[in-house]
There are 2 protein chains.
Amino acid sequence: MPRAGLTEDTVVARAAELLEGSPTAELTLAAVAESLGVKTPSLYKHVDGLPGLRRGMMIRAKRSLGAALARATMGRSRDDAVQSLAAAYRQWALENPAQYGLTVSAPDPSDDADRAASEAALEVLLAVLAGYDLRGDHAIDAARFLRSALHGFVSLETSGAFRLSADLERSYTKLIESAVVSLSKWSQS
Amino acid sequence: MPRAGLTEDTVVARAAELLEGSPTAELTLAAVAESLGVKTPSLYKHVDGLPGLRRGMMIRAKRSLGAALARATMGRSRDDAVQSLAAAYRQWALENPAQYGLTVSAPDPSDDADRAASEAALEVLLAVLAGYDLRGDHAIDAARFLRSALHGFVSLETSGAFRLSADLERSYTKLIESAVVSLSKWSQS
DNA sequence: CCATCGGGCTATTGACGTTAGCTTTACGGC
DNA sequence: GCCGTAAAGCTAACGTCAATAGCCCGATGG
């Protein structure tokens, strides 16, 4: 009998696929194992139980989102950068709706990998805001403002809370437009 | 042996308490039953299993939030109403952080009680926005905008995502201030 | 005082997470 | 090529929990 040849990455990746496949159903170790052609206890060789699997998926998702944001803002600044960041943020969430929720969870301060992934994503946002020359508390307020706007819209959209048929693209564009105006108004330069 | 004298309301209410008591731990029928001094199967006389319990908590939470918002906006209009609504929204979420997540879930169209509770809360927001005389798509965009801002901030705050020590009150106030400015700019009157 | 309704119980089943301990595969050193 | 070892995957077993079936008895109305 040949071996399955699993690694932590393959297990976590498959779990993420299953989660996207049926976002309503609860993710179970049994389902992941079966999908990999393996018995449940074997997963414990690669992942520290269900909590470990969830943690793996969370970090994976945060890294992926952070990378997408970084890609979107390279070579751009100010309003241009904010709009590109906002578009990438929403696009990633729509492509990975089930994983999006994982990216929001506050990082465990004692978990280095988690902290690093979370901070990397946050850095992108702060780098973009740096273009507006905001100092001290103003910078913090602006970061919270932008995060709230992005997360709020995307979270409501992916959870199906926007039920009217009106164009979501336009609503989002207007939201970002307004945010940009506010940022510019707060800007020192 | 005297009876416990349970009703659906007492069961759901106790479940909500337990959820607030330890938001991390998963809510279990066994825990609810034990907390009520009753065996697990007895709960099925009042609640349709775990899904039914969750549904009950969700509707309860939506109603409570909707009522708080309605109270906050009575006798107010425009910026005054928006600010009062925003404060009430955040306050409710901070007082019921674990239940807050339940209020966001999109209503099941086939569940009348759920739909009614969700729409009642939405009505409050629409009533407030009516003061700005927004027509058609503009009204929808504005509703989405305001909801996104409120939910985004509150959701990030209750999940512990804002880790810097800077004053959250001030950040929220500025967020709402900016939102109000945008609404006024879109207003026809 | 009795009949009925229903609230709470016991017993049981099945799914799942988790641990312990075994088997066997793959691989490095000789 | 051969062997020793680390680890991958397995079986067996246990505990927890959701859920269903069926019973008992407490409460209430006539």
Between D/dC10 and A/Ser42, is there an OP1 or OP2 to side-chain N/O distance shorter than 4.0 Å? yes
Does a donor on one side chain sit under 3.5 Å from an acceptor on the other, for B/His46 and B/Thr7? no
Should B/His46 be listed as having a side-chain N or O under 4.0 Å from OP1 or OP2 of C/dG6? no
Looking only at the aromatic ring of each residue, does the gap between the centers of B/Phe162 and B/Tyr172 stay below 6.0 angstrom? no
Can you give one letter per nucleotide of nucleotides 12-23 of chain D, 5' to 3': B if a protein heavy atom sits under 4.0 Å from the base, S if only from the sugar-phosphate, - if neither? B----SSBB---
Rounded to the nearest 0.5 angstrom, the CG-CG distance for B/Asp141 and B/Leu129 is 11.0 Å
When you compare the side chains of A/Ser110 and A/Asp108, does any donor N or O come within less than 3.5 Å of an acceptor on the partner? yes
Atom pair distance, as rounded to whole Å: CD in B/Glu26 and C1' in C/dC16: 12 Å
Ignoring hydrogens and geometry beyond distance, is a side-chain donor-acceptor pair present between A/Lys62 and A/Ser118 at under 3.5 Å? yes
Rounded to the Å, how far apart are A/Lys39 NZ and D/dA8 C1'? 15 Å
Return the value, rounded to whole Å, for the distance between atom CD of B/Glu8 and atom P of C/dG6. 16 Å
Have A/Asp133 and A/Ser187 got a donor and an acceptor in their side chains that come within less than 3.5 Å? no
